[in-house]
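Structure record follows, encoded as structure tokens.
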Amino acid sequence: MRVSRLMLVTLRDDPAEAEIVSHKLLLRAGYIRRIASGIYAYLPLLWRVLRKVSAIVREELDATGALETLLPQLQPADLWERSGRWAGYTAGEGIMFHLEDRQGRELGLGPTHEEVITALAAELLRSYRQLPVNLYQIQTKFRDEIRPRFGLMRGREFIMKDAYSFHASEACLKDTYAVMDQAYRRIFNRCGLRTVAVEADSGAIGGSASQEFMVTAEAGEDLILTSPDGRYAANQERAVSLAPEPVALADQPCHDLSTPGQTTIEQLCSGHGFDPSQIVKVLLLLARFADGADQPLIVSLRGDQQLNEVKLANAVQARLGAERGSLLELAPITADQLERQGLEPLPFGSLGPDLSDALLSGARDWTPRFLRLADGTAASLERFVCGANRLDTHRVGARWDPSNPCPESLDLRAAQPGDRCHHDPSQHLEAARGIEVGHIFQLGRKYSEALEARFTTESGADEALWMGCYGIGVSRLAQAAVEQNHDRNGICWPVSIAPFEVIVVVASSQDSQQVELAERLYGELQQAGLEVLLDDRNERAGVKFKDADLIGIPWRVVVGRGATDGQVELVERAGGSKRDLSADELLAALLPQIQAGRQGLNNPAQS
RNA sequence: CGGGAUGUGGCGCAGCUUGGUAGCGCACUUCGUUCGGGACGAAGGGGCCGCAGGUUCGAAUCCUGUCAUCCCGACCA
């Protein structure tokens with residue numbers, strides 16, 4: 001391809017719309033243009049990158065025996081109602097774009113494809129003899145994100161590879177899950193990404209085990225916690241750890257303490273010399289469910305600990321989801337809401353875990369009983385300080401006893417960097433930021449049961465299929481690669497996903513010898529099967545060098561002064577090493593490098 | 001959805017306080033000189049100043065509304 005024909009438009013200044021380096025570079029180098037918030041045009045250069053990433057994904061998945069398919073993006077609402085996800089995905093903070101057709105039937109624009117694929121499996125998979133199967137597709141997904149961000153990192157329309165496997169047994173599912181784990185590691189490695197695999201929350205997709213693949217980068221949206229020995233790594237949403245030991249509270253009879261205006265843990269501690277770990281704080285939240293009745297919650301946490309809302313949402317869903325439908329939202333209860341329910345104001349700032357259910361009687365739309373949960377750190381305190389449920393009053397020396405029973409205890413706290421690890425308390429968790437580029441799940445039978453995807457076993461029984469699902473954010477991966485592979489001059493694509501492998505730059509388009517030699521080399525390299533750009537523009541050499549660096553072509557051949565003697569310069573983009581060599585030796589020098597790069601063989605190993 | 005900021009040629013910005021009919025750099029076109037790290041000179045083309053109302057003799061500028069974009073948050077009482 002000739003640069004003069006490439007519609008290459010590069011920018012000298014950083015566009016105002018971009019915040020992080022990969023987003024700026026993709027815009028400046030002419031890879032993407034924003035059409036609307038979270039909606040981008042993939043320009044020809046980026047499309048080549050995306051096709052390369054897709055090709056690697058295809059090769060690795062095909063090698064595992066997975067089958068490529070293509071499923072509809074327009075999906076009928078009733079399919080989602082059968083799985084119980086329509087309300088959760090469309091109401092509240094739901095992320096599914098949805099619309100009505102001319103008959104008034106509701107449709108959603110696919111944010112993911114469990115429903116469609118499971119319905120298909122229900123029709124097509126009748127016998128254990130057909131199992132296991134693993135189907136995948138690479139296509140555009142639509143998600144009405146709360147806040148689209150950072151270019152392709154979090155778009156409302158993006159390219160995803162999603163795969164779904166079906167099994168006759170859980171053991172078989174685990175086998176495929178392990179195979180996909182390995183395939184994913186190869187895919188990311190071949191794409192030149194340094195990734196770390198972490199334990200993850202399975203979120204709205206559901207299911208049991210799940211693992212995320214994180215590209216480590218400062219701009220990452222996720223916090224990941226790892227142990228120094230590398231044996232533990234988890235997304236903070238999911239991470240578990242040992243909390244610090246609490247400071248013991250002196251043995252004393254339970255008594256009230258006047259705490260005027262002291263509504264925060266900090267004020268309480270500085271006012272009376274308590275340690276935050278001696279306090280039980282009480283959070284009042286409201287869980288909105290699909291069935292319309294809102295459920296008030298009382299969550300007790302040790303004062304020095306933070307709530308992990310994902311863990312709480314999972315716990316609430318597990319306890320009430322069966323009868324109440326999907327959990328739509330979890331938010332703190334406000335004084336306004338109490339008033340609208342016709343309830344008396346509560347003494348916020350002095351709440352205790354034994355806050356009476358009687359306070360909810362007469363609520364208009366709320367379940368008139370609290371769901372009470374406690375984090376293990378609060379539940380295990382012998383004596384503690386807590387609110388007395390009267391304004392400006394706390395209780396000191398409170399205990400869990402029949403008059404103040406300890407709620408159901410579970411892990412609800414957010415693990416923090418510096419916490420001790422479960423597997424080895426001498427290890428302390430370290431924090432890093434990550435961009436989630438892949439996620440694999442063992443779904444179990446959640447969807448197959450909801451959508452009645454059943455098969456006949458060897459013994460003739462009728463059972464629901466076991467399922468797994470596996471995603472890769474293809475367009476996000478491309479940007480993550482830039483985030484990890486760039487320098488001050490621009491992008492440094494790994495050869496395996498670069499839009500072109502080599503660029504031939506004519507230093508002076510006025511010099512007919514240079515032009516002639518460059519044209520010859522352009523032809524030869526193409527003949528040898530390389531993906532070559534020829535910068536034939538009538539620009540000064542400096543402009544061409546700057547652009548070549550910016551768009552990040554891994555190898556550059558400069559045809560310049562030495563052309564008279566048949567000499568050219570070969571430059572590696574990453575690292576910038578240069579060597580002069582004869583034009584006749586060029587192909588022999590370049591070909592092995594690029595062939596190795598294509599396979600990702602030069603890429604460093606990953607954890 | 002809450003908070004903050006910004007909308008002026010393709011891109012980056014100034015002008016707005018103190019109203020008088022739009023400017024700079026880059027990019028683009030032509031010509032000349034240059035030609036190995038974003039050249040120089042000359043001459044050009046391109047703007048409903050986000051949109052809609054209002055105030056005024058007169059609005060990019062003041063007022064009201066609205067739309068869009070970006071950032072932070074969605075959280076401990």
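Chain letters run A, B, ... following the sequence lines, proteins first, then strands; residues in each count from 1.
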Worksheet item: Reading nucleotides 23-29 of chain B from the 5' end, what letters show protein touch, with B for base, S for backbone sugar-phosphate only, - for no heavy atom under 4.0 Å?
Response: --BSS--

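With salt bridges taken as basic N to acidic carboxylate O contacts below 4.0 Å, none links A:R579 and A:E569. With salt bridges taken as basic N to acidic carboxylate O contacts below 4.0 Å, none links A:K141 and A:E157. One finds no salt bridge joining A:E572 and A:R556 here, because no Lys/Arg side-chain nitrogen approaches an Asp/Glu carboxylate oxygen to under 4.0 Å. Of the charged side-chain nitrogens involved, at least one lies within less than 4.0 Å of a carboxylate oxygen, so that A:D357 and A:R372 count as a salt-bridged pair. Salt bridge absent: A:E516 and A:R520 never bring a charged side-chain N and a carboxylate O closer than 4.0 Å. The pair A:R2-A:D536 meets the salt-bridge criterion, with a side-chain N (NZ, NE, NH1 or NH2) lying under 4.0 Å from an Asp/Glu carboxylate O.
Within 3.5 Å, a donor on the side chain of A:Q510 pairs with an acceptor on the base of B:rC35, or the reverse. A donor N or O paired with an acceptor N or O is not found under 3.5 Å between the base of B:rU69 and the side-chain atoms of A:R34.
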Fill in: Intermediate values then yes/no, side-chain hydrogen bond (donor to acceptor under 3.5 Å, both in side chains), A:D580 and A:Q567
CA-CA 7 Å; A:D580 289 311; A:Q567 291 286 114; 5.8 Å; no

Worksheet item: Could you go step by step and tell me if A:E237 and A:K311 meet the salt bridge (Lys or Arg N to Asp or Glu O under 4.0 Å) rule?
Response: CA-CA 7 Å; A:E237 293 178 350; A:K311 290 180 182 174; over 6 Å; no

Discussion item. For a side chain to side chain contact (heavy atoms under 4.5 Å, CB included) check, start with the C-alpha distance between A:V557 and A:L586, then their side-chain angles and the critical distance, and finish with the verdict.
Written reply: CA-CA 9 Å; A:V557 176; A:L586 176 65; 3.9 Å; yes

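Shown here, B:rG9 forms no base pair; nothing in the strands shown gives a Watson-Crick or G-U wobble contact with both key distances under 3.5 Å. Here B:rU18 sits opposite no nucleotide as a Watson-Crick or G-U wobble pair (both hydrogen-bonding atom distances under 3.5 Å). Pairing for B:rG44 goes to B:rC28, judged as Watson-Crick or G-U wobble with the two contacts each under 3.5 Å. Searching all strands for a Watson-Crick or G-U wobble partner of B:rC70 with both distances below 3.5 Å returns B:rG4. The partner of B:rC35 cannot be assigned: no Watson-Crick or G-U wobble pair with both contacts below 3.5 Å exists in any strand. With a cut-off of 3.5 Å on both pairing distances, B:rC75 has no Watson-Crick or G-U wobble partner at all. The partner of B:rA52 is B:rU64, judged by Watson-Crick or G-U wobble contacts that both fall below 3.5 Å.
Among the protein residues, A:P15 comes within range of the sugar-phosphate backbone only, with heavy atoms under 4.0 Å from sugar or phosphate atoms but none that close to a base. Note on A:A18: nothing from the nucleic acid sits closer than 4.0 angstrom, heavy atoms only. Within 4.0 Å of A:I279, counting heavy atoms only, lies no atom of the nucleic acid at all. Base contact: A:V558 has a heavy atom under 4.0 Å from a base atom. Backbone-only contact: A:E309 has heavy atoms under 4.0 Å from sugar-phosphate atoms and none from a base.
Between A:L27 and A:I32 the shortest heavy-atom distance is CD2-O, 3.5 Å.
Taking the P atoms as reference points, B:rC76 lies 41 Å from B:rU18, given to the whole Å. Separation of the P atoms belonging to B:rG73 and B:rG12 is 24 Å when rounded to the nearest angstrom. Between B:rC57 and B:rG44, the two P atoms lie 39 Å apart (nearest whole Å). Going from the C1' atom of B:rG47 to that of B:rC40 covers 28 Å, rounded to whole Å. The separation of B:rG23 from B:rG65, taken at their P atoms, amounts to 32 Å, rounded to a whole angstrom. Rounded to whole Å, the P atom of B:rC48 lies 40 Å from the corresponding atom of B:rG37. B:rA42 and B:rA59 have their C1' atoms separated by 37 Å, with the value rounded to a whole Å. The C1' atoms of B:rA74 and B:rU8 are separated by 34 Å, rounded to the nearest whole Å.
Under the 30°/60° scheme for interplanar angles, the aromatic rings of A:H98 and A:W86 are found to stand perpendicular.
Contact annotation: A:S509 does not reach the phosphate of B:rC35 (side-chain N/O to OP1 or OP2, under 4.0 Å). The phosphate of B:rC71 (OP1 or OP2) has a side-chain N or O of A:R147 nearer than 4.0 angstrom. Residue A:R33 places none of its side-chain N or O atoms closer than 4.0 Å to OP1 or OP2 of B:rG10. Close to B:rG36, at under 4.0 Å from its OP1 or OP2, lies no side-chain N or O of A:R561.
In this structure, A:L26 places its CG atom 18 Å from P of B:rC11, rounding to the nearest Å. The interatomic distance linking A:R288 (CZ) with B:rA74 (P) rounds to 18 Å, in whole Å. When rounded to the nearest whole Å, the span between CZ of A:R413 and P of B:rC76 equals 19 Å. The nearest whole Å value for the distance from the CD1 atom in A:I298 to the C1' atom in B:rC76 is 14 Å. In this structure, CG of A:D549 is placed 13 Å from C1' of B:rG36, rounded to the nearest angstrom. For A:R540 and B:rG36, the CZ to P distance is 7 Å, given to the nearest whole Å. Atom pair A:E221:CD and B:rC71:P shows a separation of 10 Å (rounding to whole Å applied). The CD1 atom of A:I32 sits 15 Å away from the C1' atom of B:rC11 (whole-angstrom rounding).
A cation-pi arrangement is absent between A:R34 and A:Y40 under the rule of less than 6.0 angstrom and at most 45 degrees off the ring axis.
Within residues 343-365 of chain A, the residues having any heavy atom closer than 4.0 Å to RNA chain B are, in order of number, A:F348, A:G349.
Each of B:rG36, B:rG12, B:rC72 was ranked by its minimum atom distance to the side chain of A:F150; first place goes to B:rC72. Taking the side chain of A:P332 as heavy atoms from C-beta on, and the options B:rC71, B:rG37, B:rC75, the nearest nucleotide is B:rC75. Relative to the side chain of A:Q306, the nucleotides B:rU34, B:rC76, B:rG37 differ in distance, and B:rC76 lies closest. Among the nucleotides B:rC70, B:rC76, B:rG38, the one closest to any side-chain atom of A:E19 is B:rC70. Distance from the side chain of A:L307 is smallest to B:rC76 among B:rC76, B:rG36, B:rC11. Of the candidate nucleotides B:rC70, B:rG37, B:rC11, B:rC70 has the atom nearest to the side chain of A:E17.
With sequence neighbours left out, the salt bridge (charged side-chain N to carboxylate O under 4.0 Å, His left out) criterion links A:K546 to no other residue.
Judged by closest nucleotide on RNA chain B, A:D547 is the one of A:D547 and A:N308 placed further toward the 5' end. Residues A:D14 and A:R556 each lie close to RNA chain B; by heavy-atom proximity, the contact nearer the 5' end of the strand is made by A:D14.
The six-membered or imidazole ring of A:F500 lies away from that of A:W493, with a centre-to-centre distance of 6.0 Å or more.
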